[in-house]
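We name chains A, B, ... by the order of the sequence lines, and we start the count at 1 in each one. Basis for what follows: all heavy atoms, side chains included, without hydrogens, waters or symmetry-related copies.
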Number of protein chains: 2
Amino acid sequence: MNKKRLQSEDTKKRVADAARGLFVKKGYKATSIEDIVSATGSSKGNIYYHFKSKEGLFLYLIDEWEQEWEQQWKEKESLYTTTTDKMYGVAEQMVLEDLNHPLTKSADEFFDNSEKPSDVEERITEMVKSHLTFYQALIQQGMDSGEFKHNDVEGLSIIFESLTMGLSQMSRKLNQKDALVLYRLAVNVFLNGITKNAT
Amino acid sequence: MNKKRLQSEDTKKRVADAARGLFVKKGYKATSIEDIVSATGSSKGNIYYHFKSKEGLFLYLIDEWEQEWEQQWKEKESLYTTTTDKMYGVAEQMVLEDLNHPLTKSADEFFDNSEKPSDVEERITEMVKSHLTFYQALIQQGMDSGEFKHNDVEGLSIIFESLTMGLSQMSRKLNQKDALVLYRLAVNVFLNGITKNAT
DNA sequence: ATATATACTGAACATTCATTCAGTATCGTA
DNA sequence: TACGATACTGAATGAATGTTCAGTATATAT
C-alpha cells in the first residue's frame, strides 16, 4: 500500500493546486467543479472522493494557506528588531504571499454572501478575529516599547485590518512591484500617524 | 393618463426600495428575483416590465445612490472651512449614507466576480476612479493650503480609498454609532500621518 | 492468483434562478 | 361605450451547477 497511496495523494494535490489557481483567478462562486475537472483531467466523482464538497475543498485551501503564512512569518519575524520593521515585514509578506496565494479574492467574495451561515463564513470571521488579535499584540508591543503613541489599540487594529483589506482589493490589478510600493506607502502613512517621532 | 402613471411609478419605486433593502442585507447574488417578488407582492413579470434585468435594477440603484450622495455632499461641503474638516465630513457622510444606503455590500461582492466583464463591473471600476479623482483633488487642496505634507498624491488617494473600502466591510456588523467612532479614528490616523502639525 | 480495499469514472439527478411570453386586467381617451 | 395602450400575472423555459451513485479499474495483501 504505497505506490497507490502516493499516486492518490498526488492527485489530491493536483486538484487542490488547480482549484487554488482557479479560485484566485475567478473567485469562489465563479469557479465550477466542471472548471476544476477541465483543469485537472480528473473526474467529478474523484474530486468528491478526495474532498467532501466544493466548500470543503475551499476550506482545505484556506487551512493550507494559513499554515504556510504562519510558518513563513515565524521564519521572518526574528529578522526584524523593531516593531516598525515588523509591520513593514507583514506588509511585504502580504504582497508576496497573499497576492500569489489566492484566496483573497474568494475570501472577500464570501464576506458578502451572508446567504448561508455556512462553515466558511464562520471560518472567515474567525480568521479576521485572529488577524485582529495579531495586530493588536503587535501594536501594543510598539506602544510598550515607546515606539508608538498610546491610543485605542483595538480600534487601531481594526483600522489596520481594514486598510489591508481595502488594499488587497485595490491592488488586485497591480503587479507585485507596484503593489509593494503601495503597501509600503500605506504602512508609512499608518505609522507616521501613530509613531512618536514625526518623519 | 395620470392615475395610472402615478401608480406605475409607485410600484417601480416600491420594487426599487425592496430590492435595495434586500441587496444590503443579503448581497447581490444572494438576492433572487423571487425574494423581491415576495417582498413586494409584485409579480416576476412586472419587475421585468419596470427593469431590464436584475443587473439593470442594480445599476438603477447605484445611479440613484450616487446622485443622492453627490447632492448631499454639495449641501454640506460649504459648511466645512478646512480640508481637514472636509475629510471628517466625507467620513461622516459615508457612515450616514453608505451604510444606510446599501449597495456597499453588493458592490464589494461584484468586485470579485470577474467572471463576466459585465456592465456592472465596468460601472464599479468607473466609480472607484471617480472616487480616486475626488480624493486626489481634496488631498492636493490640503497640500496647497499648507495643511498637508507634500507627498505622492495619487498613492495617498488610493490608500484612502482602500482604507474606506476596508472599513465599510469591517463595520458591516457595527451599529451606526460605533461605525462613526471607527471612521473618525481612521481619518484621524490618516490625517496625523499626512498633517504637518503633530497632534 | 484471487480477493479486497482503495482510487476513480461519468451519466443521472436535483435544485436554483434569471428570463420570457402569451394572456389578462386596468385605465385613459376618442 | 369601445378601443388601445399601459400595467401586470405566473407558468414555462432554459441554463448553470453541486452532488450522488452504481459501476469499473488498479494495486496490495494473502
Side-chain angles (χ1 to χ4, degrees), chain A residues 1-16 18-19 22-23 25-61 106 109-110 112-121, chain B residues 1-16 18-19 22-23 25-61 106 109-110 112-121:
Chain A
M1 202 189 282
N2 207 341
K3 180 184 173 190
K4 203 178 185 181
R5 184 155 221 154
L6 285 179
Q7 253 184 1
S8 175
E9 278 176 22
D10 184 61
T11 35
K12 183 169 183 179
K13 196 161 287 178
R14 269 198 3 258
V15 170
L22 287 165
F23 284 145
K25 199 178 152 203
K26 313 180 61 176
Y28 175 80
K29 278 208 171 167
T31 300
S32 66
I33 302 293
E34 195 50 49
D35 288 336
I36 303 172
V37 167
S38 302
T40 55
S42 209
S43 69
K44 271 191 183 180
N46 199 27
I47 292 171
Y48 279 86
Y49 174 76
H50 285 292
F51 302 96
K52 192 192 167 200
S53 63
K54 189 187 176 187
E55 199 177 293
L57 170 53
F58 186 71
L59 287 167
Y60 175 88
L61 291 173
S106 301
E109 187 183 336
F110 250 121
D112 298 73
N113 288 339
S114 3
E115 30 175 4
K116 302 170 197 163
S118 62
D119 304 21
V120 178
E121 210 198 339
Chain B
M1 202 189 283
N2 207 341
K3 179 185 172 189
K4 202 177 183 180
R5 185 156 220 156
L6 285 178
Q7 252 183 3
S8 174
E9 278 176 21
D10 184 62
T11 36
K12 184 171 184 179
K13 195 161 290 179
R14 267 195 6 256
V15 170
L22 288 165
F23 284 146
K25 198 177 152 200
K26 314 178 62 176
Y28 175 80
K29 277 207 171 167
T31 300
S32 66
I33 302 293
E34 195 50 48
D35 289 334
I36 302 173
V37 167
S38 302
T40 55
S42 210
S43 71
K44 272 191 183 180
N46 197 26
I47 292 171
Y48 279 87
Y49 175 75
H50 286 291
F51 301 95
K52 195 190 165 200
S53 63
K54 189 186 176 187
E55 198 176 295
L57 171 53
F58 186 71
L59 287 167
Y60 175 88
L61 291 173
S106 303
E109 188 182 337
F110 250 122
D112 298 82
N113 290 339
S114 4
E115 30 174 3
K116 303 169 196 164
S118 64
D119 302 20
V120 179
E121 210 195 339

Nearest-Å distance, [atom1] ([X]) to [atom2] ([N])?
{"X": "B:I33", "N": "D:dA12", "atom1": "CD1", "atom2": "P", "answer": "20 Å"}
{"X": "A:L57", "N": "D:dT17", "atom1": "CG", "atom2": "P", "answer": "16 Å"}
{"X": "A:K44", "N": "C:dC13", "atom1": "NZ", "atom2": "P", "answer": "14 Å"}
{"X": "A:H50", "N": "C:dT6", "atom1": "NE2", "atom2": "P", "answer": "13 Å"}
{"X": "A:K52", "N": "D:dC21", "atom1": "NZ", "atom2": "P", "answer": "15 Å"}
{"X": "B:L6", "N": "C:dC27", "atom1": "CG", "atom2": "P", "answer": "13 Å"}
{"X": "A:E34", "N": "C:dT9", "atom1": "CD", "atom2": "C1'", "answer": "13 Å"}
{"X": "A:F51", "N": "C:dA7", "atom1": "CZ", "atom2": "C1'", "answer": "14 Å"}

Does the side chain of [X] get closer than 4.0 angstrom to OP1 or OP2 of [N] through an N or O atom?
{"X": "A:T11", "N": "C:dA7", "answer": "no"}
{"X": "A:S43", "N": "C:dC8", "answer": "no"}
{"X": "B:N46", "N": "D:dT9", "answer": "yes"}

Donor-acceptor pair between A:S32 and A:D35 side chains, under 3.5 angstrom: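 Yes, a side-chain donor-acceptor pair sits under 3.5 Å.
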Atom pair CD1/OG of B:I33 and B:S42 - distance to nearest 0.5 Å: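 Answer for the CD1-OG pair, B:I33 versus B:S42, is 11.5 Å.
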Touch class at under 4.0 angstrom, heavy-atom based, for A:T31 against every strand present: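 Sugar-phosphate only.
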First encountered from the 5' end of DNA chain D, between A:Y48 and B:Y49: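 Closest to the 5' end, via its nearest nucleotide, is B:Y49.
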Residue mapping more 5' on DNA chain D - nearest nucleotide basis, B:S42 or A:S32: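 Taking each residue's closest nucleotide, the earlier one in sequence belongs to B:S42.
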Side chain proximity check, A:L57 to A:I36, heavy atoms < 4.5 angstrom: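 With C-beta onward as the side chain, the pair touches.
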Sub-4.5 Å side-chain heavy-atom contact between B:T11 and B:Q7: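 Counting from C-beta outward, B:T11 and B:Q7 never come under 4.5 Å.
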Stacked cation flag A:K12 on A:F51, 6.0 angstrom / 45 deg: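 Here A:K12 passes the 6.0 Å and 45° test against A:F51.
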